Number of protein chains: 2
Amino acid sequence: MVRATIEDVALEAGVSVATVDRVLNGRAAVRPQTVERVEKAIRQLNYQPDRLAARLARSREYRFCFVLPEGTNAYMSALADEVRAAASRMVQEKVVIDLRLTDVFDAETLASALERLGSNYDGVAVVALDHPRVREAINALADSGIAVVTIVSDVPNSKRHHYVGIDNSSAGRSAATLMGRYLSGRSGKVGLIAGSLSLRDHIERQFGFEQVMLHEYPNLTLLPVRESRDDPKRVQAVAAQLLTDHDDLIGLYNVGAGTPGIVAALEAAGRARKVVYIAHELTDESRHALISGTIDIVINQDAGHEVRSAIRVLMSKADKAPIVNSMERIRIDIYLRDNIP
Amino acid sequence: MVRATIEDVALEAGVSVATVDRVLNGRAAVRPQTVERVEKAIRQLNYQPDRLAARLARSREYRFCFVLPEGTNAYMSALADEVRAAASRMVQEKVVIDLRLTDVFDAETLASALERLGSNYDGVAVVALDHPRVREAINALADSGIAVVTIVSDVPNSKRHHYVGIDNSSAGRSAATLMGRYLSGRSGKVGLIAGSLSLRDHIERQFGFEQVMLHEYPNLTLLPVRESRDDPKRVQAVAAQLLTDHDDLIGLYNVGAGTPGIVAALEAAGRARKVVYIAHELTDESRHALISGTIDIVINQDAGHEVRSAIRVLMSKADKAPIVNSMERIRIDIYLRDNIP
DNA sequence: CAATTCCTGATAGGCGTCTATCATCAACAT
DNA sequence: ATGTTGATGATAGACGCCTATCAGGAATTG
């Protein structure tokens with residue numbers, strides 16, 4: 001059984017190919033009853049336009065922009081690398097991808113960066129701060145017909161078309177369960193460090209973690225969250241403080257970046273491998289610490305997958321084609337030292 | 001910068017497009033020095049054929065066949081469903097995918113099934129038994145120019161072009177680490193059940209598990225493996241036996257299928273939630289047991305990803321195009337009740 | 001009723017590649 | 001010199017769709 005073409009549809013509907021094309025691409029006004037006839041023919045023949053041929057014919061460039069945090073965050077660098085890699089691979093599909101680094105922690109800076117993108121792009125992917133100003137900028141982009149996806153950190157009440165990233169409260173709950181089970185039978189304190197409480201992903205992880213921790217593991221005392229702004233020095237200071245303040249600290253969950261600082265603090269205090277430490281994002285540093293045993297578990301979201309998923313979604317939106325949800329689900333990767341890739 | 005076309009290459013090399021095509025597709029004899037000139041032009045212009053246009057022009061059908069185990073194994077059913085779903089999605093890319101179910105546990109049956117595929121296909125994906133007879137059949141297919149990938153379970157010394165699946169010894173090691181940590185501070189026996197010791201994946205998981213278990217957790221006594229042939233009743237019987245034989249059994253790792261049987265045995269013995277139970281593959285049953293707490297951890301490989309990866313690899317082989325390894329790595333999914341999708 | 005406007009048909013040309021055929025031309029063998 | 005072979009050029013048509021234009025008929029307006 002061969003696939004139906006536009007010509008078949010035209011024949012079936014008793015109209016010309018030009019008219020079918022007008023219906024399909026809304027190129028000009030067509031009488032409602034004619035539209036109806038064409039659509040019926042499409043349904044009967046189960047016609048699906050050949051996207052490859054369409055792309056070839058349109059010889060259209062897709063222009064996308066990724067807006068990522070600048071700075072030294074290892075995970076974000078990896079994400080940027082993946083964007084660049086995907087960009088060079090996508091050249092052959094006529095996809096141009098720009099990469100823009102900006103201070104994501106500052107709502108004003110981020111928002112105006114987004115606004116400056118103007119209408120140069122068909123789609124934008126952004127690691128976003130959940131802030132009214134940023135939400136406005138995202139909505140403005142979406143309203144002007146640009147496809148917008150949030151990546152890694154979401155802005156749920158905005159008009160973004162899609163969020164590419166893990167379910168963060170689920171990640172937090174998982175961390176809590178692992179922490180609780182690893183520490184089963186023991187009692188003591190568990191520390192929680194976050195980067196920024198304006199980052200949606202951090203809050204949600206914290207929320208999930210606390211939820212499970214409080215309900216399921218009464219033997220463990222959860223200390224109040226400490227905010228680190230993901231600044232390496234500050235993270236280390238916060239961790240060191242925690243360790244000196246609580247010599248019965250037996251667990252530590254870092255929701256944000258800055259893992260090396262915590263590793264350093266743990267090792268300096270001689271508490272490495274004594275405190276169960278769960279971190280996020282697999283980087284060179286966390287990989288090493290995982291192998292040495294200072295980190296027990298790393299929860300990760302695959303940067304490559306996220307970038308490719310974001311691109312697929314943006315392309316689908318640009319083509320007005322549907323996306324396959326099950327394909328775009330980003331999974332929570334749990335890494336032990338035994339399954340590091 | 002626009003992409004170079006065949007015409008550009010022809011111009012650059014000072015030959016006709018026909019000659020470039022001859023070089024590219026080996027269509028006819030071309031003088032070595034001419035070949036050299038064309039290849040130089042290709043290099044200089046960094047010419048890459050437009051795969052979309054090529055597919056369109058060739059209007060070639062790709063014919064692939066998936067050979068999966070028949071029977072009631074829930075994971076394999078899910079895999080089959082994913083194959084069917086992918087098949088219907090790939091119609092628009094001119095990819096025809098057949099699905100063949102056979103008794104994979106029987107080397108003879110599987111091998112002759114593979115042989116009967118003849119040359120009707122451009123590529124074959126198979127869940128394979130690691131057996132000389134099967135290896136021969138795989139080699140024969142590969143020798144006759146058909147792309148072969150093994151999926152889920154590998155046949156390492158065969159001529160298969162690629163293995164799509166997780167690193168099973170790594171999965172086994174991860175299971176052991178989680179088991180060891182969940183049971184930290186306690187001592188007792190840990191049971192190990194496998195489906196078939198001719199299935200590569202099962203052996204490797206077992207191997208990885210034992211390796212870590214023996215070295216890292218001397219407090220736990222590992223019982224000898226029991227083979228279940230993945231038969232539901234038998235699995236349940238084996239598990240029940242283990243439980244009655246060892247009332248100090250505190251951990252259980254099932255390397256193969258038949259999870260429902262073990263869940264039933266644990267619940268019948270009133271030992272659910274008392275024994276740390278780690279299983280493979282996320283199915284409806286294991287999902288339920290995970291939520292109820294009878295299963296503590298499920299190690300999974302995403303069926304959808306595997307199928308899509310297998311198809312991508314088969315298509316690349318058929319097109320003689322390279323594959324991007326990092327894209328095709330199948331990850332070990334670790335599911336707790338907190339991150340079930 | 002003529003002048004517009006709205007719909008529709010017909011068709012050409014292009015996107016980048018593949019396939020196939022025919023024509024050249026040079027080198028070589030007879 | 002004639003025929004044969006090998007290498008190359010030229011070119012048309014296809015793949016399925018998009019874009020654009022022109023022509024003509026139908027419906028609407030003044």
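Convention: sequence-line order gives letters A, B, ...; per-chain numbering from 1. Every value quoted in this text rests on a predicted model; they were computed, and no experiment measured them.
DNA chain C is contacted by both B/Pro49 and B/Ala18; B/Pro49 maps to the nucleotide lying nearer its 5′ end (nearest heavy atom per residue). Each of B/Lys94 and B/Arg31 has a nearest nucleotide on DNA chain D; the 5'-most of these lies closest to B/Arg31. With the nearest nucleotide of DNA chain D identified for both B/Pro32 and A/Gln48, B/Pro32 has the one nearer the 5' end.
Counting only heavy atoms from C-beta outward, the side chains of B/Asn325 and B/Ile323 approach each other to under 4.5 Å.
When the P atom of D/dA7 is taken as reference, atom CZ of B/Arg37 falls 15 Å away, rounded to whole Å. Per the geometry, CG belonging to B/Asp50 stands 8 Å off C1' belonging to C/dT17, to the nearest Å. Regarding B/Glu61, its CD atom lies at a distance of 19 Å from the P atom of C/dC18, rounded to whole Å. Rounded to an integer number of Å, the gap from CG of A/Asp21 to P of C/dT8 is 14 Å. Separating the CD atom of A/Glu7 from the C1' atom of C/dG9 is a distance of 14 Å, rounded to the nearest angstrom. What separates CG of A/Leu11 from P of C/dG9 is a distance of 12 Å, to the nearest Å. What separates NZ of A/Lys320 from P of D/dC18 is a distance of 13 Å, to the nearest Å. In this structure, CD1 of A/Ile42 is placed 15 Å from C1' of D/dG16, rounded to the nearest angstrom.
Here the CZ atom belonging to B/Arg58 is positioned 9.5 Å from the CZ atom belonging to B/Arg51, to the nearest 0.5 angstrom.
Side-chain nitrogen and oxygen atoms of B/Thr5 include none within less than 4.0 Å of the OP1 or OP2 phosphate oxygen of C/dC15. At least one side-chain nitrogen or oxygen of A/Arg27 sits closer than 4.0 Å to the OP1 or OP2 atom of D/dT19. At C/dT8, none of the side-chain N or O atoms of A/Arg22 fall inside 4.0 Å of OP1 or OP2 (strictly under the cut-off). Look at A/Ser16 and you'll find a side-chain N or O under 4.0 angstrom from OP1 or OP2 of C/dG9. Phosphate contact (OP1/OP2 of D/dT8, side-chain N/O of B/Thr19, threshold under 4.0 Å): absent.
Looking at the side chain of B/Val30, the nearest of the listed nucleotides D/dT11, C/dT8, D/dT8 is D/dT8. In this structure, the nucleotide among D/dT8, D/dG16, C/dC15 sitting nearest to the side chain of B/Leu56 is D/dG16. Side chain of A/Ile6, nearest nucleotide from C/dT11, D/dA7, D/dC18: D/dC18. Considering only side-chain atoms of A/Tyr47, the nucleotide from D/dC18, D/dC17, D/dG16 that sits closest is D/dC17.
For the residue pair B/Glu70 and B/Thr102, no side-chain donor N or O sits within less than 3.5 Å of a side-chain acceptor on the partner. There is a side-chain donor-acceptor pair under 3.5 Å between A/Arg331 and B/His305.
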Begin from the C-alpha positions of B/Glu136 and B/Lys159 and carry the test salt bridge (Lys or Arg N to Asp or Glu O under 4.0 Å) through to its verdict. CA-CA 9 Å; B/Glu136 278 315 304; B/Lys159 295 182 181 166; over 6 Å; no
Evaluate A/Glu115 against A/Arg133 for salt bridge (Lys or Arg N to Asp or Glu O under 4.0 Å), listing each step before the verdict. CA-CA 11 Å; A/Glu115 279 155 2; A/Arg133 185 77 180 75; 3.1 Å; yes
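Among the heavy atoms of the strands lying under 4.0 Å from B/Val15 are primed sugar atoms or P, OP1, OP2 only; no base atom is included.
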